[in-house]
Amino acid sequence: MPASCLPLSALHRGVVLALTLTASVTSYAAGWTAGSPPSSAPTTFLDTKTGNIEGFMPDVAHEVAKREKLDITFTAVPFSTLIQSVIAGKIDMIVAGMTPTPERAKGITFSQEVTAFGAGLMVRDDNKKRTTPGRI
């Protein structure tokens, strides 16, 4: 089932990481310009030593581009402006962890899911206090 068709209840179970594309992207292009948030490690982040966008999602996008024999370049785009950047033609695709929602699907098309993860809670190793989800 395409991510854009997931029922909203399924979306509440976790964040879906997906490559997003607009319908305007053509497979005939010699390359893609991908927008990624510079501060969403480990999915996407700007490596300050190299100036390159790195992370799990760029790795997936590089592999897709390689298989399609296309070049891909990355540009840092704040998460809040990713969708508008695609619609305005500033970038060809979004490479980021983004949950598909009906509202977002009005402007962009999502790829199939790349991965998903659910809610979680982390505590320090030395925290000996036990609690239950109902007490949080």
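- Across Trp32 and Leu70, no two heavy atoms sit closer than the pair CZ2-CD1, 3.3 Å.
- The heavy-atom pair separating Leu82 from Ala96 by the smallest distance is CD1-CB, 4.0 Å.
- Distance check, rounded to the nearest 0.5 Å: CG of Asp71 to OG1 of Thr33 gives 10.0 Å.
- By the side chain to side chain donor-acceptor pair (under 3.5 Å) test, Gln84 is found to be paired with no residue, residues two or more places apart in sequence or in another chain being considered.
- Evaluation of the side chain to side chain contact (heavy atoms under 4.5 Å, CB included) rule for Ala41 yields Phe45 as partners, not counting sequence neighbours.
- Remark: Thr81 pairs with Val77, Pro78, Ser85 by the side chain to side chain contact (heavy atoms under 4.5 Å, CB included) rule, at least two apart or across chains.
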Under 3.5 Å donor-acceptor pairs involving side-chain atoms of residues 54-64, not counting sequence neighbours:
{"unit_1": "Glu63", "atom_1": "OE2", "unit_2": "Arg67", "atom_2": "NE", "d": "2.9"}

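- Under the salt bridge (Lys or Arg N to Asp or Glu O under 4.0 Å) criterion, the residue pairs touching residues 97-109 are Glu103-Lys106, with sequence neighbours excluded.
- Closest approach of Phe74 to Ser36, counting heavy atoms only: CD2-OG, 3.7 Å.
- A heavy-atom distance below 4.5 Å is not found between the side chains of Asp92 and Val86.
- The two residues Thr75 and Ile91 have their closest heavy-atom pair at CG2-CG2, 3.6 Å.
- Annotation: salt bridge (charged side-chain N to carboxylate O under 4.0 Å, His left out) contacts of Asp126 (sequence neighbours excluded): Arg124.
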Between Met98 and Ile108, does the side-chain contact (heavy atoms from CB on, under 4.5 Å) criterion hold? Intermediate values first, please.
CA-CA 11 Å; Met98 182 178 284; Ile108 60 174; 4.1 Å; yes

